[in-house]
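Both ligands and their constituent atoms are indexed starting at 1 by order of listing.
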Amino acid sequence: MSNDTPTDKEDGVTRYVYVNGAYRRYDEAQIHAEDRGFQFADAVYEVCEIHDHAIVDEDRHLARLERSLGELGIAMPMRQKAFQAVLQETVRRNRVANGIVYLQVSRGAGPRNFYFDGVETPPTVVCLARSQSRRGMEAGAAKGIAVKSMPDMRWGRCDIKTVMLLPASLAKESARAEGAQEAWFLDAEGNVREGGSSNAWIITPDDKLVTPPATNAILRGITRTTLIDLLEREGLTLEERPFTIEEAQNAREAFITSASNLVMPVVSVDGRPIGNGHPGSLTERLRAAFHEVAQKRQLA
Ligand code: PDD
């Protein structure tokens, strides 16, 4: 996927990291050895796209961050406006015109304790940004990706965007070992839930867009939400319902959505080509139109 395969010299370079109120050089940025994010995955995060010097859908990302923190009973470490300032300054210091900005908040640090009362510090806040070349991303989207399905081994609250990403990491590695760039998680009935780090979509033979409902079993993706706005604008029909691998394999088109890959065509599912095995035309249209509806806060 585009963020895994840097194509430009600038790709993937982070110069400065925001840690708890200060901007540190990348090599010198540190957090506590007993941070609960490290020991318990007791942390949440957001990834926002940076597009032509603008942060995309920042309000929605920060609202979801606040919700994730609330679900875990972690206090908001700063106001939304302060988060905006941190995101902006991190992007500026890292000279990112196109790429991503990553924001993570953990409950804090203290002697290891399953109970929260061991926490001795305020929440740990980390923010970093890195470039992704537009050329590389578009070249990836022109090819599309293969997906591989597998059982969902994650917990029951995937609606909370925690850093508990080991099952997703293992799933994506195992997909990659079979030549696929994304894993699709299946529930016990064989329905597709979502990808390892993206939401899953198909387009039916009669041009309806289908994506699984945003239950506690999946993340309500911001790209998914903004794409739903676009579908309304375009007069396209949305069905939020489960679909199986078999339905996906017989779909007209398929794609995934995420802040780092936007609308990314899926060209095969478990080795079976979707449509003619090339990115679908409606998917490409939606990818091209996405930024017309997304919120953009211009930074430079
Ligand atoms: N992943 N589902 C999962 C499990 C995800 O990890 C993500 C995002 C999404 C899409 O959400 P959004 O459209 O808000 O990016 C769905 C991010 C990009 C990541 O972990 O890198």
Counting from 1 in the order shown, the ligand 1 atoms closer than 4.0 Å to a non-hydrogen atom of S260 are 18 (C)
The atoms of ligand 1 lying under 4.0 Å from a heavy atom of G221, numbered in the order shown, are 11 (O), 12 (P), 13 (O), 14 (O)
Taken to the nearest 0.5 Å, the spacing of Q132 CD from I50 CD1 works out to 10.5 Å
Got an N/O contact under 3.5 Å between T223 and ligand 1?
yes
Per-atom filter on ligand 1: closer than 4.0 angstrom to a heavy atom of A259 are 12 (P), 13 (O), 15 (O)
Residue pairs passing the side-chain hydrogen bond (donor to acceptor under 3.5 Å, both in side chains) test with at least one member in residues 210-224, sequence neighbours excluded, are R224-E240
Looking only at non-hydrogen atoms, the one of P167, C158, S197 nearest atom 6 (O) of ligand 1 is S197
Numbered in order shown, the ligand 1 atoms found under 4.0 Å of a heavy atom of T257 are 10 (C)
Under 4.0 Å from one or more heavy atoms of G195, ligand 1 contributes atoms 4 (C)
Quick note on ligand 1: atoms under 4.0 Å from a heavy atom of E194 include exactly 2 (N), 3 (C), 4 (C), 16 (C)
*asked:* Under 4.0 Å, counting heavy atoms only: does E46 come that close to any atom of ligand 1?
replied: no
Within a 6.0 Å radius of atom CZ on R25, are there more than 12 heavy atoms belonging to other residues, nucleotides or ligands? no
Count the heavy atoms of every other residue, nucleotide or ligand shown that sit under 6.0 Å from CZ of F38, and state whether that count exceeds 12. no
Here the atoms of ligand 1 under 4.0 Å from any heavy atom belonging to R64 are 11 (O), 14 (O)
Heavy-atom nearest pair, F185 first then G196, reads CE1-CA, 3.7 Å
Can you tell me if Y102 contacts ligand 1 (heavy atom of the residue under 4.0 Å from the ligand)?
no
Tracing side-chain contacts under 4.5 Å among Ile, Leu, Val, Met, Phe, Trp and Tyr outward from V126 reaches V17, V19, Y26, I31, Y45, V47, I100, Y102, L128, V163, L165
Taken to the nearest 0.5 Å, the spacing of D35 CG from Q30 CD works out to 12.5 Å
Fill in: Ring geometry between F40 and F114 (parallel below 30°, tilted from 30 to 60°, perpendicular above 60°)
perpendicular
Within 4.0 Å of some non-hydrogen atom of N199, the atoms of ligand 1 are 10 (C), 16 (C)
Separation between CD1 (I218) and CD (E194), nearest 0.5 Å, reads 5.5 Å
Practice prompt. Consider ligand 1: state whether an atom of it lies below 4.0 angstrom from any non-hydrogen atom of R220.
Written response: no
### Message
Is it the case that ligand 1 has an N or O less than 3.5 angstrom from some N or O of Y45?
### Response
yes
